[in-house]
There are 2 protein chains.
Amino acid sequence: MNGFSDGSSEQVTRRPASTDVSEGGSGLPEQAWTLLFELLHTHMRNFPALAAEFELSPVQAHVLRQLGEGALAMSTLAHYLSCDASNVTGLVDRLEARGLVERKSSEQDRRVKMLVLTEAGAELRGRLMARLGAPPPLIAAMPDEDLAALRDIMRRALKTQ
Amino acid sequence: MNGFSDGSSEQVTRRPASTDVSEGGSGLPEQAWTLLFELLHTHMRNFPALAAEFELSPVQAHVLRQLGEGALAMSTLAHYLSCDASNVTGLVDRLEARGLVERKSSEQDRRVKMLVLTEAGAELRGRLMARLGAPPPLIAAMPDEDLAALRDIMRRALKTQ
DNA sequence: TATTGTTATACTCTATAACTATA
DNA sequence: TATAGTTATAGAGTATAACAATA
């Protein structure tokens with residue numbers, strides 16, 4: 001019993017062992033989400049290896065992703081990463097030691113340290129983002145009709161969020 | 001320059017700072033993927049907190065997810081997690097200490113140890129899977145028409161994979 | 001007083017290398 | 001010899017608590 005197959009006895013295609021959130025969820029949202037869930041966890045599983053292509057840990061990859069739009073206070077980064085501020089110190093220490101980011105004291109509030117990418121950091125981030133943006137096989141193999149529909153659906157969903 | 005905005009000057013709606021993989025990617029797959037990417041990374045960001053609801057680390061949550069379908073050799077689990085076998089020892093030590101899983105020596109090959117969920121482990125896994133299967137707000141808010149289309153598209157994609 | 005970032009500490013996750021017990 | 005799992009070790013990610021500098 002996994003507490004998730006209730007309320008439906010419709011037959012379900014068995015997917016690889018990775019998931020058994022059965023597709024027979026009660027409603028339409030559950031059905032759609034269960035299928036997306038599959039794609040999503042495949043991506044999560046591959047993310048460390050993807051980051052490693054750039055000699056980054058998964059968290060370091062997230063940091064570089066966040067650091068695209070100009071300077072960011074360390075506390076803001078901690079909030080984005082949903083982690084304690086004390087972690088950001090060590091995280092930034094290591095990225096700074098590699099010459100990818102720099103700490104700059106804010107002039108408005110001298111407690112605050114702003115993070116900016118170095119040139120090397122920006123270059124690496126560019127390659128990382130391009131890699132992240134490359135559609136995985138499952139997406140690349142979709143017919144144009146489905147891709148256009150998917151794009152339009154996701155546009156609407158993200159807009160009304 | 002992030003190496004990703006090339007080849008298109010169509011106007012793009014700015015989303016929250018979390019991503020700047022611009023939506024104007026060259027082709028349909030890039031456009032669709034970029035939008036899915038947004039949803040996906042929100043989920044990844046929330047995953048540790050979600051696991052913590054059950055007093056599990058993210059990896060422990062993945063282990064419980066994998067351990068649904070009967071016994072699993074430790075080496076198989078290491079493969080699923082894409083990590084070294086030595087990690088699985090400690091990982092399983094902690095889950096076993098909490099009474100969630102058990103090691104059982106295989107009778108065919110006495111080198112192999114099979115992992116099985118205890119009753120408590122299965123119960124916890126059930127609640128975890130139900131939680132994971134609950135559609136996030138962005139999905140829950142979609143109109144039925146979009147949900148049905150999304151479900152059908154993802155069914156086709158996962159089937160032809 | 002409150003906030004930003006750091007340090008100290010402890011635990012988990014991760015990889016590598018050396019070891020054991022089986023095969 | 002090769003494989004499954006363990007142990008030892010080291011580095012990175014995480015949280016909590018105590019602290020310095022600044023507001």
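Proteins come first, then strands; the chains are lettered A, B, ... in the order of their sequence lines, and each starts at number 1.
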Angle, rounded to 10°, between the helical axes spanning five pairs at each terminus of the helix from C:dT1-D:dA23 to C:dA23-D:dT1?
->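 Helix axis angle between the two ends: 10°.
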All side-chain contact (heavy atoms from CB on, under 4.5 Å) counterparts of A:S75, not counting sequence neighbours |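 Result, side-chain contact (heavy atoms from CB on, under 4.5 Å) vs A:S75: A:A73.
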Counting only N and O atoms by type, is there a donor-acceptor contact under 3.5 Å from the side chain of [X] to the main-chain atoms of [Y]?
X: A:Q60; Y: A:S57; result: yes
X: B:W33; Y: A:L132; result: yes
X: B:S105; Y: B:R110; result: no
X: B:R65; Y: B:M129; result: no

Taking [atom1] from [X] and [atom2] from [N], how many angstroms apart are they, rounded to a whole number?
X: B:R98; N: C:dT12; atom1: CZ; atom2: P; result: 10 Å
X: A:E55; N: C:dA15; atom1: CD; atom2: C1'; result: 15 Å
X: B:F47; N: C:dC13; atom1: CZ; atom2: P; result: 12 Å
X: A:D93; N: D:dG11; atom1: CG; atom2: P; result: 15 Å
X: B:L77; N: D:dA4; atom1: CG; atom2: C1'; result: 13 Å
X: B:L91; N: C:dA15; atom1: CG; atom2: C1'; result: 14 Å
X: A:Y80; N: D:dG13; atom1: OH; atom2: C1'; result: 21 Å
X: A:H79; N: D:dA15; atom1: NE2; atom2: P; result: 13 Å

When you match A:L81 and B:S75 each to their closest nucleotide on DNA chain D, which lands nearer the 5' end?
->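 The residue mapped nearer the 5' terminus is B:S75.
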Contact summary for A:M114 and A:S106, nearest pair of heavy atoms |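 Heavy atoms only, the tightest pair is CG-CB, 4.2 Å.
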Which atom pair, heavy atoms only, marks the closest approach of B:L64 to B:G121?
->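 Closest approach of B:L64 to B:G121, heavy atoms only: CD2-O, 4.3 Å.
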Does a nitrogen or oxygen in the side chain of B:R94 sit under 4.0 Å from OP1 or OP2 of C:dC13?
->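 Answer yes for this pair, as a side-chain N or O of B:R94 is under 4.0 Å from OP1 or OP2.
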Which of the following nucleotides, C:dG5, D:dG5, D:dG13, is nearest to the side chain of A:V59?
->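 It is D:dG13.
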Out of D:dA15, D:dG5, C:dT12, which nucleotide sits closest to the side chain of B:M74?
->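 So the side chain of B:M74 is nearest to D:dG5.
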Going 5' to 3' through nucleotides 16-23 of chain D and flagging B where a protein heavy-atom sits under 4.0 Å of the base, S where only the sugar-phosphate is that close, and - otherwise, we get BB---BBS
Do the charged groups of B:R103 and B:D93 touch, with an N to O distance under 4.0 Å?
->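 Yes.
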Between A:F37 and A:H41, what is the ring plane arrangement, given parallel below 30°, perpendicular above 60°, and tilted in between?
->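 Answer is tilted, since the angle falls between 30° and 60°.
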